[in-house]
Amino acid sequence: MLDIQALRNDLDSVVAQLHKRGFAFDAAKFTALEQERKTVQTRTQDLQAKRNNTSKQIGMAKAKGEDISAIMAEVAGLGDQLKADEARLTELQKELQDMLLNVPNLPHESVPQGKSEEDNVEVRRIGTPRVFDFEIKDHADVGAPLGLDFDTGAKLSGARFTLMRGHIAKLHRALAQFMLDTQTEKHGYTECYTPYMVNAESLIGTGQLPKFEEDLFSLNHNDSKLYLIPTSEVTLTNTVRDEIVPLEALPIKLTAHTPCFRSEAGSYGRDTKGMIRQHQFDKVEMVQIVHPEKSYEALEQMVGHAENILQALELPYRVVSLCTGDMGFGATKTYDLEVWLPAQNTYREISSVSNCEAFQARRLQARFRNENGKPELVHTLNGSGLAVGRTLVAVLENYQQADGSVKVPQVLSAYMNNLEYIKA
RNA sequence: GGAGAGCUGGCCGAGUGGUCGAAGGCACUUCCCUGCUAAGGAAGCAUACGGGCUUAAAUCUGUAUCGAGGGUUCGAAUCCCUCGCUCUCCGCCA
């Protein structure tokens with residue numbers, strides 16, 4: 001959520017910045033709402049002040065045993081007017097709030113301008129794609145004989161669900177373990193186990209609601225509604241919701257390995273083969289809660305934390321700075337890590353690291369006590385370190401052998417009982 | 001699932017219709033005193049939003065907030081209703 005003060009004081013500039021990312025802000029509507037809000041709020045508060053004053057007088061007069069009928073008469077008509085004003089004020093504030101909740105974050109000045117992913121800017125490219133001396137297969141064809149079973153996944157649950165067996169399942173687990181161990185032991189994140197179902201408040205806090213409800217899976221239980229997490233960014237970031245943490249506690253660095261559930265509404269027909277795009281996938285997530293002055297430093301570090309995984313797995317990748325038109329709702333700046341997929345002959349997103357500055361913190365009321373002892377909004381960052389399913393895809397494709405087997409990446413051998421090759 | 005208890009400021013905890021944003025204590029900040037650590041004294045110490053002043057801050061002022069929402073009342077932390085959460089006992093259960 002944007003700071004409403006910024007909109008009040010500097011509306012034109014905010015509108016211009018939002019326009020850069022393709023968002024049309026209804027400034028006229030906002031101005032009209034604000035104007036009425038101001039009038040109604042001032043009037044309401046004046047009436048409330050009058051009522052409080054009079055009531056106080058009644059109390060004092062009664063204590064002294066004086067006659068109160070004169071004062072009572074004075075306050076008689078106040079109630080109805082006040083009630084009407086209060087109701088209207090609530091309505092206006094809700095409208096303004098709803099409006100703000102649907103406005104995306106402002107891009108950082110360093111973000112390249114553009115409309116779509118074609119305008120993203122490559123920052124660096126690491127590793128050299130392997131040259132194959134045989135006809136390569138995509139991950140689905142490589143994995144099928146080794147235990148990657150899309151048909152059974154579809155039977156159990158439908159499209160975009162996959163069953164893994166045997167060494168493929170174990171490789172998948174090894175990847176997650178390796179990532180989690182790296183983030184905790186080498187990069188200083190605290191390992192968390194979090195709920196997979198959350199309430200609406202949590203999703204409003206991180207920005208998935210109210211705007212993107214259709215992307216989520218939800219469950220009705222008795223009278224309550226819970227949502228399956230689309231990423232553990234939601235649970236990890238919400239740990240500081242409604243909290244004021246001491247200055248010394250920052251930065252807070254959290255990580256978790258969880259499944260992620262996404263309805264993938266609007267991506268029908270995209271990536272239908274294989275496990276690039278699933279309704280359920282595992283991810284090791286990194287979240288940092290930091291001092292506002294440190295958030296861009298933290299962003300670069302977190303990209304490095306994700307890159308280290310790819311480097312350890314010896315997977316070629318590139319780092320891309322997302323353009324204004326391709327960034328997510330809550331981000332001021334985002335780097336994507338794209339891993340090389342030889343069968344697609346291209347780089348595909350495997351991690352996304354974003355700084356949200358105070359956008360989520362304002363929704364979450366997540367604050368710290370600053371140097372002067374005053375509460376101030378924190379900055380929040382999140383990033384995948386990494387998406388486990390897509391990493392499995394990358395390993396299958398990049399480590400495939402002519403005989404149909406898959407070589408186990410060296411760093412994983414300890415997690416795989418020293419297995420060297422996965423064979424049918 | 002059954003029965004009961006509770007939810008007040010950073011923490012503990014008083015407060016059952018009126019001058020309560022809320023006693024008292026702890027913690028914290030500043031100052032005083034005391035020749036060390038300790039002890040004693042004074043003051044300060046919630047958040048959000050609106051308005052005035054201001055380049056801005058400080059400050060002043062108003063409103064709201066005692067789990068949440070609604071109601072009764074001139075007036076609600078206090079009374080009524082609904083919901084949420086926590087805890088205890090019983091049952092069930094990985």
Side-chain angles (χ1 to χ4, degrees), chain A residues 1-10 13 30-101 193 195-205 219-227 235 238-250 252 292 358 360-378:
Chain A
M1 191 159 68
L2 299 180
D3 185 359
I4 194 163
Q5 301 293 355
L7 283 155
R8 286 181 185 143
N9 301 331
D10 214 4
S13 147
F30 176 77
T31 309
L33 280 173
E34 258 296 285
Q35 211 161 34
E36 194 185 349
R37 187 227 94 225
K38 201 164 168 171
T39 314
V40 176
Q41 181 163 354
T42 308
R43 196 168 63 212
T44 306
Q45 293 191 347
D46 285 348
L47 286 174
Q48 285 170 329
K50 189 171 173 196
R51 180 205 58 198
N52 290 347
N53 240 315
T54 316
S55 294
K56 214 170 251 184
Q57 282 174 32
I58 293 173
M60 286 192 281
K62 246 188 151 172
K64 287 189 228 154
E66 293 169 6
D67 178 42
I68 55 167
S69 55
I71 321 178
M72 292 290 276
E74 203 180 310
V75 83
L78 232 145
D80 290 341
Q81 175 69 51
L82 187 54
K83 215 166 234 178
D85 278 348
E86 279 175 338
R88 180 63 187 150
L89 183 60
T90 307
E91 217 174 277
L92 285 166
Q93 280 171 333
K94 186 175 181 307
E95 267 183 75
L96 278 164
Q97 177 81 354
D98 285 350
M99 203 175 174
L100 280 183
L101 282 174
Y193 173 86
Y196 300 158
M197 294 182 264
V198 294
N199 53 33
E201 292 82 78
S202 293
L203 290 155
I204 289 169
L219 302 140
N220 287 303
H221 178 67
N222 298 336
D223 289 330
S224 71
K225 186 173 190 181
L226 290 172
Y227 297 83
T235 45
N238 269 279
T239 56
V240 291
R241 169 151 57 93
D242 295 321
E243 299 283 338
I244 301 175
V245 302
L247 182 62
E248 316 82 72
L250 302 179
I252 298 172
Q360 292 180 327
R362 191 168 292 111
R363 292 165 165 250
L364 295 161
Q365 282 304 299
R367 293 169 294 175
F368 71 104
R369 224 167 262 289
N370 70 14
E371 293 77 354
N372 301 319
K374 288 289 162 206
E376 190 181 335
L377 295 171
V378 296

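Quick note on labels: first sequence line is chain A, next is B, and so on, each numbered from 1. In this text the structure is predicted, and so the values were computed from the model without any measurement.
- As a whole-Å value, the separation of A:Arg43 CZ from B:G62 C1' is 16 Å.
- Place A:Gln93 and A:Ile58 on RNA chain B by their nearest nucleotides, and A:Gln93 ends up nearer the 5' end.
- Side-chain proximity of A:Arg369 to B:U47, B:C49, B:C74: nearest is B:U47.
- Taking atom P on both nucleotides, B:C60 is separated from B:G44 by 13 Å, rounded to a whole Å.
- Taken to the nearest 0.5 Å, the CD1 atom of A:Ile71 stands 14.0 Å off from the NZ atom of A:Lys56.
- The two residues A:Leu377 and A:Phe368 make their nearest non-hydrogen contact at O-CE2, 3.6 Å.
- Across all strands shown, the partner of B:G6 is B:C85, judged by Watson-Crick or G-U wobble contacts whose two distances both fall under 3.5 Å.
- With rounding to the nearest 0.5 Å, the separation of CD in A:Gln41 from CG in A:Asp46 is 10.5 Å.
- For the C1' atom pair drawn from B:C66 and B:U78, the interatomic distance equals 10 Å after rounding to whole Å.
- Between the CZ atom of A:Arg51 and the P atom of B:G18 there is a distance of 16 Å, given to the nearest Å.
- For A:Gly59 and A:Arg37, each mapped to the nucleotide of RNA chain B holding its nearest heavy atom, the one lying further toward the 5' end belongs to A:Gly59.
- Using a 4.5 Å heavy-atom threshold, the side chains of A:Leu247 and A:Arg369 count as separate.
- Base pairing of B:A94 is not made with any nucleotide, judged by Watson-Crick or G-U wobble geometry with both donor-acceptor distances under 3.5 Å.
- For the P atoms, the distance from B:G75 to B:A14 is 30 Å, rounded to whole Å.
- Among the atoms of the strands shown, none is found under 4.0 Å from any heavy atom of A:Lys50.
- Dashed line: the shortest gap from a side-chain N or O of A:Asn53 to OP1 or OP2 of B:G62 is not under 4.0 Å.
- Spacing between B:A46 and B:U8 at atom C1', rounded to whole Å, works out to 13 Å.
- Across the protein-nucleic acid pair, A:Gln45 atom CD and B:G62 atom P stand 11 Å apart, rounded to whole Å.
- Checking B:G21, B:G51, B:U63 against the side-chain heavy atoms of A:Lys38 singles out B:G51 as nearest.
- Across B:U47, B:G21, B:U63, the shortest atom-to-atom separation from the side chain of A:Lys56 is found for B:G21.
- Pair check for B:G24 finds B:C12; Watson-Crick or G-U wobble, both atom distances under 3.5 Å.
- Nucleotides B:C81 and B:U88 are separated by 26 Å at their C1' atoms, to the nearest Å.
- Between A:Leu96 and A:Glu34, the shortest heavy-atom contact is CD1-OE2, 3.5 Å.
- The CE atom of A:Met72 sits 9 Å away from the C1' atom of B:U73 (whole-angstrom rounding).
- We find that NZ of A:Lys83 is positioned 12 Å from C1' of B:C74, with the value rounded to whole Å.
- Across the protein-nucleic acid pair, A:Asp3 atom CG and B:C49 atom C1' stand 12 Å apart, rounded to whole Å.
- Across all their heavy atoms, A:Pro292 and A:Glu376 have their closest contact at CG-OE2, 3.7 Å.
- Taking only side-chain nitrogens and oxygens, A:Arg367 never comes nearer than 4.0 Å to OP1 or OP2 of B:G10.
- Base pairing annotation: B:A38 forms no Watson-Crick or G-U wobble pair, as no partner gives both donor-acceptor distances under 3.5 Å.
- Distance A:Leu89 CG to B:A64 P: 12 Å, rounded to the nearest Å.
- With a cut-off of 3.5 Å on both pairing distances, the Watson-Crick or G-U wobble partner of B:A46 is B:U65.
- Ranking B:U19, B:G75, B:U63 by closeness to the A:Met60 side chain, first place goes to B:U19.
- Heavy atoms of A:Asn52 sit under 4.0 angstrom from primed sugar atoms or phosphate atoms, though from no base atom.
- For A:Lys62, counting side-chain heavy atoms from C-beta on, the closest listed nucleotide (B:C74, B:G51, B:G62) is B:C74.
- Using the Watson-Crick or G-U wobble rule with both distances under 3.5 Å, B:C33 pairs with nothing in any strand shown.
- Comparing B:U29 with B:A68, their P atoms are spaced 30 Å from each other, to the whole Å.
- Residue A:Asn9 contributes atom CG, which lies 10 Å from atom P of B:A56 at whole-angstrom precision.
- Remark: A:Lys225 is not in phosphate contact with B:G84, judged by side-chain N or O atoms under 4.0 Å from OP1 or OP2.
- Looking at heavy-atom distances under 4.0 Å, A:Glu201 makes no contact with the nucleic acid at all.
- In this structure, A:Ser202 and A:Asn238 approach most closely via the heavy-atom pair O-ND2, 2.8 Å.
- Looking at heavy-atom distances under 4.0 Å, A:Pro375 makes contact with sugar-phosphate atoms alone, never a base.
- Pairing of B:C74, defined by two Watson-Crick or G-U wobble distances under 3.5 Å, is identified with B:G18.
- Taking all atoms of both residues into account, the shortest heavy-atom contact from A:Leu2 to A:Leu100 is O-CD1, 4.3 Å.
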